[in-house]
Protein chains: 2
Amino acid sequence: MRKGIRAVLEDEPEIERLVEAENGEAAFDKLNKEVFDIALVDIEMPKMGGIGLLQKVMKEKIKTKIVFLTMHKDKDVFDQAMNAGASGYLLKENAVDDIVECLHAVQQGGYFISPAISGYLVQRLQKQAEPLSTIPYVDQLTNAERAILKHIAEEKTSQQIADELFISPKTVENHRNNISKKLHLSGTHSLLKFALSNKDLLK
Amino acid sequence: MRKGIRAVLEDEPEIERLVEAENGEAAFDKLNKEVFDIALVDIEMPKMGGIGLLQKVMKEKIKTKIVFLTMHKDKDVFDQAMNAGASGYLLKENAVDDIVECLHAVQQGGYFISPAISGYLVQRLQKQAEPLSTIPYVDQLTNAERAILKHIAEEKTSQQIADELFISPKTVENHRNNISKKLHLSGTHSLLKFALSNKDLLK
DNA sequence: AATTATATAGGTGAAAGCACCTAGAAGGTC
DNA sequence: GACCTTCTAGGTGCTTTCACCTATATAATT
């Protein structure tokens, strides 16, 4: 595997130097002593492992970008890697084909994710973008109640909302109560908590 | 372009039928009359456009998955497409190489994003994952204060926090006050609002 | 005509949080 | 020893929210 990648990279004129390391610790030593643009790291690496190396690199504020190579399409590993700050995530099955494009993208400050993995990213985004309508009972709210809810999500007090809508603070209070009942919320500041938790969804 | 892709797809034994449409409206008519697994759509399509087609497909609850083809690496267009519910986003430059893999992934309920585009997804995720340390003044908090703040973010009252930590509710109140001062927060429930807004960052 | 839903407004009492105080105990620093 | 910070605990007064009431005007529905 390493030989195949090395062969491809040696053909690239833009690559000035090509250095290899046997394991995680040896790799970190080299990254710590000398400045490299990009490190291509096997995630299942002996001693420290790829993600451990990345965490050390981030901690020491070494500017070298880390691109991971892996055989497995494990979602958890991928999540860990991206959370830790990886710049690229390449499946070995695609590596030889995509490596040059990947290094270009990363060199220019971008990211490169093997397409077979990119679905995980989409899922993570869509989880956060669930529509308001999926929250139970929200569809039972009237227009006035919805309007009040939006203002609550904007961190306004009942008094402030009343001033803005030219209605009595008592009316706002009543709407709050009705909203709480419709959403089956109870307890102290539960409505405020709900509104803030679903801030993004309230547009 | 279309001929190249057609040639590749005709070689695939798993593809039972291959139907083409001249523009967005014609495509929607066909998707509406007959059930297809996947539609490969040029985003810059005459009449309606690719994203318009996707929105209509979603609205009518047609189960056909939509994969977009495009020449441009425009971030806004990509965002629109993914928000609308696209299953795939293929750059034309990679299309012939990746199309088969793409269709396989989508057919199995997954997603496929051209790697040159996948960086946009990472950026969107990282925007939401900004570290807690970037919030001003947070580093001035003591350990006890940080602990209290986490509990507040978990939507607990001072009384509840006091019970869990075996301290007086008044102590919790005092910590709240000190936290508010250190974070330069003031006003009603400002601390609760802060804690909830930064919930994810408080781990 | 009667009913229902909605928006409006008010009352009361309780719980929670905020702001501003004091103060003791324990720890480290100069 | 004097000083500072942190954690602890309490007091007082105020605002906000909550929960549970009543009540009127209006519009839509039956």
Side-chain angles (χ1 to χ4, degrees), chain A residues 132-133 135-199 201-203, chain B residues 132-133 135-199 201-203:
Chain A
L132 185 60
S133 54
I135 304 173
Y137 312 118
V138 174
D139 51 315
Q140 293 173 23
L141 298 181
T142 66
N143 289 335
E145 288 162 353
R146 241 179 273 270
I148 301 285
L149 191 52
K150 280 182 193 174
H151 282 90
I152 295 173
E154 288 164 13
E155 316 201 353
K156 294 169 187 159
T157 67
S158 295
Q159 183 64 58
Q160 284 176 302
I161 298 169
D163 291 344
E164 285 188 35
L165 300 182
F166 302 105
I167 56 180
S168 157
K170 258 333 258 189
T171 304
V172 179
E173 283 277 302
N174 287 326
H175 282 308
R176 293 183 86 119
N177 272 306
N178 293 331
I179 295 169
S180 291
K181 276 181 191 167
K182 285 186 181 175
L183 299 183
H184 299 93
L185 298 172
S186 75
T188 313
H189 307 134
S190 52
L191 187 52
L192 178 60
K193 292 166 188 168
F194 172 87
L196 287 178
S197 299
N198 302 95
K199 203 172 187 172
L201 314 184
L202 295 169
K203 231 191 327 130
Chain B
L132 185 59
S133 54
I135 304 173
Y137 311 118
V138 174
D139 50 317
Q140 293 172 24
L141 298 181
T142 66
N143 288 335
E145 288 163 354
R146 240 179 273 270
I148 300 285
L149 191 51
K150 280 184 193 174
H151 282 90
I152 296 173
E154 287 165 13
E155 315 200 355
K156 294 169 187 161
T157 67
S158 294
Q159 183 64 57
Q160 285 175 301
I161 298 169
D163 291 344
E164 285 187 35
L165 301 183
F166 301 105
I167 55 180
S168 157
K170 256 336 254 191
T171 303
V172 180
E173 284 277 301
N174 287 326
H175 282 309
R176 294 184 85 120
N177 272 305
N178 292 330
I179 296 169
S180 291
K181 276 181 190 166
K182 284 186 182 176
L183 299 183
H184 299 93
L185 298 172
S186 74
T188 312
H189 305 134
S190 52
L191 187 54
L192 178 59
K193 292 166 187 167
F194 172 86
L196 287 178
S197 300
N198 301 96
K199 203 173 186 169
L201 315 185
L202 296 168
K203 235 192 325 132

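Every value quoted in this text rests on a predicted model; they were computed, and no experiment measured them.
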Atom pair distance, as rounded to whole Å: [atom1] in [X] and [atom2] in [N]:
X        : N      : atom1 : atom2 : value
B/Gln160 : C/dA16 : CD    : P     : 8 Å
B/Arg146 : D/dC7  : CZ    : P     : 10 Å
A/Leu183 : D/dA19 : CG    : C1'   : 16 Å
A/Phe194 : D/dT17 : CZ    : C1'   : 17 Å
B/Asn177 : C/dA16 : CG    : C1'   : 13 Å
B/Ile179 : C/dA19 : CD1   : C1'   : 15 Å
B/Leu192 : D/dC18 : CG    : P     : 10 Å
A/Leu191 : C/dA16 : CG    : P     : 17 Å

[X] and [Y]: which non-hydrogen atoms are nearest, and at how many Å?
X        : Y        : result
B/Leu192 : A/His189 : CD2-CB, 4.1 Å
B/Ser168 : B/Ala162 : C-CB, 3.8 Å
B/Ile179 : B/Leu149 : CD1-N, 4.3 Å

**Prompt:** Considering residues at least two apart in sequence or located in another chain, which fulfil the ring pair (Phe, Tyr, Trp, His ring centres under 6.0 Å) criterion with B/His151?
**Reply:** none
**Request:** With sequence neighbours excluded, give me every ring pair (Phe, Tyr, Trp, His ring centres under 6.0 Å) pair touching residues 152-187 of chain A.
**Result:** A/Tyr137-A/His184
**Prompt:** Are A/Ile161 and A/Glu154 side-chain neighbours, meaning at least one heavy-atom pair lies under 4.5 Å?
**Reply:** no
**Prompt:** In Å and rounded to the nearest 0.5 Å, what is the CG to CD1 distance from A/Asn198 to A/Ile152?
**Reply:** 12.0 Å
**Prompt:** Distance from A/Ile148 atom CD1 to A/Leu141 atom CG, nearest 0.5 Å?
**Reply:** 11.0 Å
Can you pull every protein N or O that's under 3.5 Å from an N or O on nucleotides 6-10 of chain C?
{"unit_1": "C/dA7", "atom_1": "OP1", "unit_2": "A/Thr142", "atom_2": "OG1", "d": "3.3"}
{"unit_1": "C/dA7", "atom_1": "OP1", "unit_2": "A/Ala144", "atom_2": "N", "d": "3.1"}
{"unit_1": "C/dA7", "atom_1": "OP2", "unit_2": "A/Thr142", "atom_2": "OG1", "d": "2.4"}
{"unit_1": "C/dT8", "atom_1": "OP2", "unit_2": "A/His175", "atom_2": "NE2", "d": "3.0"}
{"unit_1": "C/dA9", "atom_1": "OP2", "unit_2": "A/Ser168", "atom_2": "N", "d": "2.6"}
{"unit_1": "C/dA9", "atom_1": "OP2", "unit_2": "A/Thr171", "atom_2": "OG1", "d": "2.8"}
{"unit_1": "C/dA9", "atom_1": "O5'", "unit_2": "A/Thr171", "atom_2": "OG1", "d": "3.4"}
{"unit_1": "C/dA9", "atom_1": "N7", "unit_2": "A/Asn174", "atom_2": "ND2", "d": "2.7"}
{"unit_1": "C/dA9", "atom_1": "N6", "unit_2": "A/Asn174", "atom_2": "ND2", "d": "3.1"}
{"unit_1": "C/dG10", "atom_1": "OP2", "unit_2": "A/Ser168", "atom_2": "OG", "d": "2.8"}
{"unit_1": "C/dG10", "atom_1": "O6", "unit_2": "A/Asn174", "atom_2": "OD1", "d": "2.8"}
{"unit_1": "C/dG10", "atom_1": "O6", "unit_2": "A/Asn174", "atom_2": "ND2", "d": "3.4"}

Can you give me the N/O atom pairs linking the protein to nucleotides 14-16 of chain D at distances under 3.5 Å, or say none if there are none?
none

**Message:** Per the salt bridge (charged side-chain N to carboxylate O under 4.0 Å, His left out) rule, what does the pair list look like for residues 159-181 of chain A, sequence neighbours excluded?
**Reply:** A/Lys156-A/Glu164
**Request:** For B/Thr142, check side-chain contact (heavy atoms from CB on, under 4.5 Å) against everything at least two apart and list the hits.
**Result:** B/Ala144, B/Glu145, B/Lys182
**Message:** The criterion is side-chain contact (heavy atoms from CB on, under 4.5 Å); which residues satisfy it with B/Ser190, sequence neighbours excluded?
**Reply:** B/Leu185
**Request:** Would you check if the side chain of B/Lys193 reaches a backbone N or O of B/Thr188 as a donor-acceptor pair within less than 3.5 Å?
**Result:** yes
**Request:** Treat primed atoms plus P, OP1 and OP2 as sugar-phosphate and everything else as base, then score nucleotides 24-30 of chain C 5' to 3': B for base contact with protein heavy atoms under 4.0 Å, S for sugar-phosphate contact only, - for none.
**Result:** -------
**Terminal axis angle for the helix from C/dA1-D/dT30 to C/dC30-D/dG1, five pairs an end, nearest 10 degrees** = 30°
